[in-house]
Amino acid sequence: MSRTVYVNGEYLPEEDAKISIFDRGFLMADGVYEVTSVLEGKLVDYEGHKVRLARSLSELDMAMPATEDEILEIHRELVRLNDVVEGGVYLQITRGAPADRDFAFPDPDVTPSSLVMFTQSKPGLAATPSEGIKVISIPDVRWGRRDIKTVQLLYPSMGKMMAKAAGAADAWMVEDGLVTEGTSNNAYIVKGRKIITRELSNDILSGITRAAVLRFAKEAQMEVEERGFSIEEAQDADEAFVTSATTFVLPVVSIDDAQIGDGKPGEVALRLREIYLEESLKAGI
Ligand code: PDD
(Lines give C-alpha, C1' and ligand atoms only; values in the text may rest on other atoms or scores of the structure.)
Protein backbone atom coordinates (compact mmCIF):
# COMPACT_ATOMS: atom_id res chain seq x y z
CA MET A 1 0.00 0.00 0.00
CA SER A 2 1.40 3.41 -0.89
CA ARG A 3 1.85 6.22 1.57
CA THR A 4 -0.52 9.12 1.83
CA VAL A 5 1.40 12.37 1.53
CA TYR A 6 0.43 16.03 1.73
CA VAL A 7 0.98 18.56 -1.07
CA ASN A 8 -0.37 22.11 -0.94
CA GLY A 9 -3.73 21.45 0.66
CA GLU A 10 -4.29 17.89 -0.51
CA TYR A 11 -3.76 14.42 0.95
CA LEU A 12 -2.74 12.16 -1.95
CA PRO A 13 -1.25 8.72 -2.64
CA GLU A 14 2.50 9.31 -3.03
CA GLU A 15 2.47 8.39 -6.73
CA ASP A 16 -0.06 11.15 -7.46
CA ALA A 17 1.81 13.89 -5.57
CA LYS A 18 3.34 16.39 -7.98
CA ILE A 19 5.33 19.65 -7.78
CA SER A 20 6.03 22.03 -10.67
CA ILE A 21 9.42 21.91 -12.44
CA PHE A 22 9.52 25.68 -11.76
CA ASP A 23 9.35 25.15 -8.00
CA ARG A 24 12.24 27.13 -6.48
CA GLY A 25 13.01 24.27 -4.13
CA PHE A 26 13.80 22.18 -7.21
CA LEU A 27 15.60 24.89 -9.22
CA MET A 28 17.39 26.88 -6.48
CA ALA A 29 17.28 24.83 -3.27
CA ASP A 30 15.15 27.76 -2.10
CA GLY A 31 13.41 25.93 0.68
CA VAL A 32 13.53 24.94 4.32
CA TYR A 33 12.62 21.72 6.07
CA GLU A 34 12.06 20.02 9.40
CA VAL A 35 12.15 16.39 10.48
CA THR A 36 10.09 15.54 13.56
CA SER A 37 10.41 12.07 14.97
CA VAL A 38 7.47 9.90 15.93
CA LEU A 39 7.56 7.50 18.86
CA GLU A 40 4.55 5.44 19.95
CA GLY A 41 2.59 7.37 17.34
CA LYS A 42 3.37 10.71 19.00
CA LEU A 43 5.33 13.72 17.72
CA VAL A 44 8.57 14.24 19.63
CA ASP A 45 9.85 17.74 20.48
CA TYR A 46 7.22 19.25 18.18
CA GLU A 47 7.32 22.70 19.77
CA GLY A 48 11.04 23.08 19.07
CA HIS A 49 10.67 22.11 15.41
CA LYS A 50 7.75 24.51 15.04
CA VAL A 51 9.74 27.43 16.46
CA ARG A 52 12.84 26.64 14.37
CA LEU A 53 10.73 26.37 11.19
CA ALA A 54 9.26 29.82 11.81
CA ARG A 55 12.77 31.20 12.33
CA SER A 56 14.17 29.58 9.16
CA LEU A 57 11.30 31.07 7.14
CA SER A 58 11.70 34.48 8.67
CA GLU A 59 15.49 34.56 8.06
CA LEU A 60 14.78 33.88 4.36
CA ASP A 61 11.78 36.19 4.14
CA MET A 62 9.62 33.27 3.06
CA ALA A 63 5.92 33.09 3.88
CA MET A 64 4.40 30.40 6.10
CA PRO A 65 1.87 28.71 3.80
CA ALA A 66 -0.48 27.49 6.56
CA THR A 67 -1.32 28.35 10.16
CA GLU A 68 0.49 26.72 13.09
CA ASP A 69 -2.67 24.78 13.95
CA GLU A 70 -3.04 23.54 10.38
CA ILE A 71 0.57 22.39 10.24
CA LEU A 72 0.22 20.46 13.50
CA GLU A 73 -3.02 18.92 12.25
CA ILE A 74 -1.36 17.77 8.98
CA HIS A 75 1.45 16.14 11.00
CA ARG A 76 -1.08 14.25 13.10
CA GLU A 77 -3.29 13.30 10.17
CA LEU A 78 -0.33 11.88 8.21
CA VAL A 79 0.83 9.85 11.22
CA ARG A 80 -2.71 8.52 11.59
CA LEU A 81 -3.35 7.82 7.89
CA ASN A 82 -0.03 6.00 7.52
CA ASP A 83 -0.16 4.17 10.88
CA VAL A 84 3.26 5.45 11.88
CA VAL A 85 4.31 4.10 15.26
CA GLU A 86 8.06 4.77 15.05
CA GLY A 87 9.53 7.00 12.37
CA GLY A 88 9.22 10.62 11.42
CA VAL A 89 7.42 13.35 9.56
CA TYR A 90 9.30 15.34 6.91
CA LEU A 91 8.07 18.86 6.16
CA GLN A 92 9.36 21.09 3.38
CA ILE A 93 8.39 24.64 2.50
CA THR A 94 9.75 26.25 -0.66
CA ARG A 95 9.31 29.70 -2.17
CA GLY A 96 6.81 28.17 -4.60
CA ALA A 97 6.67 27.92 -8.38
CA PRO A 98 6.85 31.22 -10.27
CA ALA A 99 6.01 31.37 -14.00
CA ASP A 100 9.65 31.15 -15.03
CA ARG A 101 13.19 30.67 -13.69
CA ASP A 102 14.53 33.89 -12.17
CA PHE A 103 17.14 34.53 -9.47
CA ALA A 104 15.03 37.28 -7.89
CA PHE A 105 12.43 36.15 -5.37
CA PRO A 106 8.90 36.11 -6.80
CA ASP A 107 6.19 38.35 -5.35
CA PRO A 108 4.67 36.26 -2.53
CA ASP A 109 1.21 37.63 -3.36
CA VAL A 110 1.50 36.12 -6.83
CA THR A 111 3.55 33.01 -6.00
CA PRO A 112 2.53 31.39 -2.72
CA SER A 113 5.10 29.24 -0.93
CA SER A 114 4.60 25.53 -1.28
CA LEU A 115 4.17 22.96 1.51
CA VAL A 116 4.94 19.26 1.20
CA MET A 117 4.85 16.71 4.00
CA PHE A 118 5.30 12.95 4.20
CA THR A 119 5.97 10.28 6.79
CA GLN A 120 8.74 7.70 7.07
CA SER A 121 8.14 4.57 9.11
CA LYS A 122 11.20 3.23 10.92
CA PRO A 123 10.29 0.35 13.22
CA GLY A 124 12.97 -0.20 15.86
CA LEU A 125 14.06 3.45 15.79
CA ALA A 126 14.19 3.71 19.57
CA ALA A 127 16.04 0.42 20.20
CA THR A 128 19.31 0.77 22.11
CA PRO A 129 22.20 0.68 19.60
CA SER A 130 24.45 -2.32 20.25
CA GLU A 131 27.34 -0.61 18.51
CA GLY A 132 28.44 2.97 18.08
CA ILE A 133 29.22 4.51 14.71
CA LYS A 134 32.54 5.34 13.08
CA VAL A 135 33.04 8.84 11.71
CA ILE A 136 35.64 10.47 9.50
CA SER A 137 36.57 14.16 9.39
CA ILE A 138 36.13 16.33 6.31
CA PRO A 139 36.49 20.07 5.73
CA ASP A 140 33.31 22.09 6.23
CA VAL A 141 32.78 23.90 2.94
CA ARG A 142 29.08 24.71 3.40
CA TRP A 143 27.67 28.24 3.19
CA GLY A 144 27.76 30.61 6.16
CA ARG A 145 24.13 30.33 7.32
CA ARG A 146 24.03 26.79 8.67
CA ASP A 147 21.68 27.99 11.39
CA ILE A 148 18.91 28.04 8.76
CA LYS A 149 17.58 24.56 8.01
CA THR A 150 17.63 24.79 4.21
CA VAL A 151 17.30 21.98 1.69
CA GLN A 152 20.81 22.68 0.31
CA LEU A 153 22.04 19.24 1.32
CA LEU A 154 24.45 18.38 -1.46
CA TYR A 155 27.63 18.75 0.59
CA PRO A 156 26.21 16.80 3.56
CA SER A 157 25.24 14.06 1.08
CA MET A 158 28.76 14.10 -0.36
CA GLY A 159 30.09 13.87 3.20
CA LYS A 160 27.99 10.76 3.86
CA MET A 161 29.35 9.23 0.64
CA MET A 162 32.95 10.04 1.65
CA ALA A 163 32.24 8.38 5.00
CA LYS A 164 30.73 5.34 3.30
CA ALA A 165 33.75 5.01 1.00
CA ALA A 166 35.97 5.03 4.11
CA GLY A 167 33.89 2.35 5.86
CA ALA A 168 32.35 4.87 8.29
CA ALA A 169 28.76 5.94 8.94
CA ASP A 170 29.14 9.70 8.98
CA ALA A 171 31.52 12.64 8.69
CA TRP A 172 32.28 15.38 11.19
CA MET A 173 32.96 18.66 9.44
CA VAL A 174 35.91 20.79 10.47
CA GLU A 175 36.44 24.53 10.01
CA ASP A 176 39.43 26.51 11.27
CA GLY A 177 40.63 23.45 13.16
CA LEU A 178 37.39 22.89 15.08
CA VAL A 179 34.51 20.48 14.51
CA THR A 180 31.32 22.26 13.44
CA GLU A 181 28.86 19.35 13.34
CA GLY A 182 28.06 16.02 11.69
CA THR A 183 26.53 15.97 8.19
CA SER A 184 23.04 15.71 9.71
CA ASN A 185 23.57 15.89 13.46
CA ASN A 186 25.27 17.81 16.26
CA ALA A 187 28.61 16.50 17.56
CA TYR A 188 29.77 16.01 21.17
CA ILE A 189 32.65 14.64 23.18
CA VAL A 190 32.80 13.63 26.83
CA LYS A 191 35.92 14.24 28.87
CA GLY A 192 36.10 13.39 32.56
CA ARG A 193 32.27 13.24 32.53
CA LYS A 194 32.04 16.78 31.12
CA ILE A 195 29.94 17.03 27.94
CA ILE A 196 31.52 19.32 25.35
CA THR A 197 29.71 20.58 22.24
CA ARG A 198 30.18 23.57 19.97
CA GLU A 199 28.38 26.75 20.98
CA LEU A 200 25.44 27.97 18.88
CA SER A 201 26.12 30.46 16.08
CA ASN A 202 25.54 30.74 12.33
CA ASP A 203 28.15 27.98 11.92
CA ILE A 204 25.89 25.12 13.03
CA LEU A 205 22.24 24.15 13.15
CA SER A 206 20.62 24.75 16.50
CA GLY A 207 19.52 21.14 16.99
CA ILE A 208 16.21 20.56 18.71
CA THR A 209 17.56 17.29 20.12
CA ARG A 210 20.70 19.16 21.21
CA ALA A 211 18.63 21.64 23.23
CA ALA A 212 16.67 18.87 24.95
CA VAL A 213 19.73 16.70 25.64
CA LEU A 214 21.71 19.60 27.15
CA ARG A 215 18.72 20.52 29.32
CA PHE A 216 18.36 16.92 30.57
CA ALA A 217 22.12 16.66 31.13
CA LYS A 218 22.10 19.80 33.30
CA GLU A 219 19.03 18.57 35.20
CA ALA A 220 20.93 15.32 35.88
CA GLN A 221 23.81 17.45 37.34
CA MET A 222 26.13 16.64 34.44
CA GLU A 223 28.59 19.34 33.51
CA VAL A 224 28.16 20.89 30.04
CA GLU A 225 30.65 23.12 28.23
CA GLU A 226 29.65 24.78 24.97
CA ARG A 227 32.80 25.33 22.94
CA GLY A 228 34.50 24.06 19.82
CA PHE A 229 36.89 21.10 19.92
CA SER A 230 39.42 19.68 17.46
CA ILE A 231 39.53 16.20 15.95
CA GLU A 232 42.67 15.52 18.05
CA GLU A 233 40.85 16.45 21.25
CA ALA A 234 37.90 14.28 20.20
CA GLN A 235 40.17 11.31 19.49
CA ASP A 236 41.57 11.68 22.98
CA ALA A 237 38.14 11.98 24.66
CA ASP A 238 36.49 9.33 26.86
CA GLU A 239 33.37 9.25 24.70
CA ALA A 240 31.82 10.85 21.66
CA PHE A 241 28.27 10.97 20.33
CA VAL A 242 25.88 12.75 17.98
CA THR A 243 22.29 13.91 18.35
CA SER A 244 19.47 14.49 15.89
CA ALA A 245 15.76 13.91 15.53
CA THR A 246 16.43 10.74 13.54
CA THR A 247 19.15 9.22 15.73
CA PHE A 248 18.32 10.73 19.17
CA VAL A 249 21.65 10.19 21.01
CA LEU A 250 23.99 7.92 19.05
CA PRO A 251 27.45 6.90 20.35
CA VAL A 252 30.52 7.44 18.15
CA VAL A 253 33.29 4.89 18.71
CA SER A 254 36.00 5.96 16.29
CA ILE A 255 37.09 9.14 14.53
CA ASP A 256 39.39 8.86 11.49
CA ASP A 257 40.12 5.28 12.58
CA ALA A 258 41.27 6.28 16.08
CA GLN A 259 39.27 4.39 18.70
CA ILE A 260 37.44 6.51 21.29
CA GLY A 261 37.78 5.27 24.88
CA ASP A 262 37.37 1.48 24.93
CA GLY A 263 35.73 1.46 21.49
CA LYS A 264 32.29 0.68 22.92
CA PRO A 265 29.23 2.99 23.22
CA GLY A 266 29.92 5.31 26.15
CA GLU A 267 28.08 5.27 29.46
CA VAL A 268 27.21 8.98 29.36
CA ALA A 269 25.89 8.76 25.79
CA LEU A 270 23.73 5.73 26.56
CA ARG A 271 22.39 7.31 29.74
CA LEU A 272 21.52 10.51 27.85
CA ARG A 273 19.78 8.47 25.17
CA GLU A 274 17.73 6.69 27.82
CA ILE A 275 16.73 9.96 29.52
CA TYR A 276 15.97 11.64 26.19
CA LEU A 277 13.69 8.81 25.02
CA GLU A 278 11.94 8.56 28.36
CA GLU A 279 11.29 12.30 28.63
CA SER A 280 10.37 12.72 24.95
CA LEU A 281 7.81 9.97 25.17
CA LYS A 282 6.26 11.59 28.22
CA ALA A 283 6.09 14.97 26.48
CA GLY A 284 5.14 13.65 22.99
CA ILE A 285 1.95 15.03 21.46
N1 PDD B 1 19.13 16.77 10.43
N2 PDD B 1 22.93 19.58 12.26
C3 PDD B 1 22.56 19.34 10.99
C4 PDD B 1 23.43 19.82 9.88
C5 PDD B 1 21.37 18.64 10.73
O6 PDD B 1 20.98 18.41 9.46
C7 PDD B 1 20.58 18.19 11.83
C8 PDD B 1 19.28 17.46 11.62
C9 PDD B 1 21.03 18.45 13.14
C10 PDD B 1 20.25 18.02 14.35
O11 PDD B 1 19.06 18.77 14.51
P12 PDD B 1 17.77 18.15 15.22
O13 PDD B 1 18.22 17.66 16.54
O14 PDD B 1 16.84 19.28 15.33
O15 PDD B 1 17.29 17.03 14.33
C16 PDD B 1 22.20 19.16 13.31
C17 PDD B 1 17.86 16.09 10.13
C18 PDD B 1 17.51 15.06 11.11
C19 PDD B 1 17.90 15.60 8.69
O20 PDD B 1 18.42 16.34 7.88
O21 PDD B 1 17.37 14.54 8.39
Side-chain angles (χ1 to χ4, degrees), residues 25 29 31-39 43-57 59 75 86-94 116-122 125-126 133 135 137-163 169-175 178-189 195 197-217 226 228 240-250 252 269 272-273 275-277 279-280 283-284:
V32 300
Y33 75 108
E34 281 296 329
V35 180
T36 303
S37 58
V38 174
L39 288 175
L43 300 165
V44 171
D45 267 339
Y46 184 77
E47 180 69 21
H49 291 286
K50 181 187 90 177
V51 170
R52 187 173 63 192
L53 174 65
R55 180 180 182 276
S56 292
L57 289 169
E59 290 297 302
H75 275 85
E86 283 188 340
V89 182
Y90 177 87
L91 170 156
Q92 177 168 321
I93 296 175
T94 71
V116 167
M117 285 172 60
F118 57 83
T119 54
Q120 289 184 297
S121 266
K122 290 193 185 151
L125 185 65
I133 60 163
V135 303
S137 63
I138 59 172
D140 196 338
V141 301
R142 296 173 300 163
W143 78 324
R145 289 304 306 276
R146 304 159 191 159
D147 56 311
I148 308 174
K149 198 163 171 62
T150 75
V151 297
Q152 303 177 72
L153 297 176
L154 183 54
Y155 189 65
S157 293
M158 289 168 72
K160 287 264 198 242
M161 294 312 290
M162 289 183 242
D170 200 11
W172 279 9
M173 294 177 281
V174 178
E175 186 172 58
L178 299 175
V179 173
T180 51
E181 56 190 335
T183 60
S184 58
N185 45 60
N186 292 115
Y188 306 73
I189 56 173
I195 299 159
T197 193
R198 193 178 176 108
E199 72 282 4
L200 294 181
S201 71
N202 290 353
D203 298 337
I204 64 167
L205 187 72
S206 173
I208 304 308
T209 321
R210 175 188 184 280
V213 164
L214 293 188
R215 190 174 71 244
F216 298 141
E226 294 183 58
F241 63 92
V242 294
T243 66
S244 75
T246 47
T247 59
F248 310 124
V249 179
L250 186 62
V252 169
L272 283 172
R273 181 181 175 95
I275 302 176
Y276 178 78
L277 288 172
E279 295 298 324
S280 305

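Just follow the structure's listing: the first ligand is 1, and inside any ligand the first atom is 1.
With a 4.0 Å heavy-atom cut-off, ligand 1 is reached by the side chain of R52 but not by its N, CA, C or O. With a heavy-atom cut-off of 4.0 Å, I204 does not touch ligand 1 at all. When heavy-atom distances to ligand 1 are checked against a 4.0 Å cut-off, N185 comes that close only through its backbone atoms N, CA, C and O.
Atom 21 (O) of ligand 1 has its closest protein heavy atom at V35 CG2, 3.7 Å. For atom 11 (O) of ligand 1, the nearest non-hydrogen atom of the protein is G207 CA, 3.5 Å. With respect to atom 19 (C) of ligand 1, the closest heavy atom belonging to the protein is Y33 OH, 3.6 Å. Ranking the protein heavy atoms by distance from atom 18 (C) of ligand 1 puts T246 OG1, 3.7 Å first. Of the protein's heavy atoms, K149 NZ, 3.4 Å lies nearest to atom 17 (C) of ligand 1.
Annotation: E181 places an N or O atom under 3.5 Å from an N or O atom of ligand 1; distance criterion only. Distances between N or O atoms of T209 and those of ligand 1 include at least one value under 3.5 Å. On a distance-only criterion, A245 and ligand 1 share at least one N/O pair closer than 3.5 Å.
Panel note: side chain S37, backbone V44; no donor-acceptor pair is recorded below 3.5 Å.
When the side chain to side chain contact (heavy atoms under 4.5 Å, CB included) test is applied to S184, the partners found at least two apart in sequence or on another chain are K160. K50 pairs by the salt bridge (charged side-chain N to carboxylate O under 4.0 Å, His left out) definition with E47, E68, not counting sequence neighbours.
Ion pair E34/R52 flagged as a salt bridge, since at least one NZ, NE, NH1 or NH2 atom sits closer than 4.0 Å to an Asp/Glu carboxylate oxygen. E181 and R142 are joined by a salt bridge, as a carboxylate oxygen and a charged side-chain nitrogen come within less than 4.0 angstrom of each other.
Residues V179 and R198 fail the side-chain proximity criterion, which asks for heavy atoms closer than 4.5 Å. Looking at heavy atoms from C-beta onward, N186 lies out of side-chain contact with T209 at the 4.5 angstrom threshold.
Checked against H49 for a side chain to side chain contact (heavy atoms under 4.5 Å, CB included), the options V89, V35, T36 give a single hit: T36.
For the atom pair N185 CG and I204 CD1, the distance stands at 11.0 Å (nearest 0.5 Å).
Less than 4.0 angstrom separates some heavy atom of S244 from each of these atoms of ligand 1: 10 (C), 13 (O), 15 (O). The N186 neighbourhood of ligand 1 comprises atoms 10 (C), 16 (C), with distances under 4.0 Å to a heavy atom of that residue.
Heavy atoms of T183 come nearer than 4.0 angstrom to ligand 1 in at least one pair.
Between F241 and Y188, the two ring planes are parallel [angle under 30°; tilted spans 30° to 60°].
Remark: among candidates G182, S184, G159, the nearest residue to atom 5 (C) of ligand 1 is S184, based on non-hydrogen atoms.
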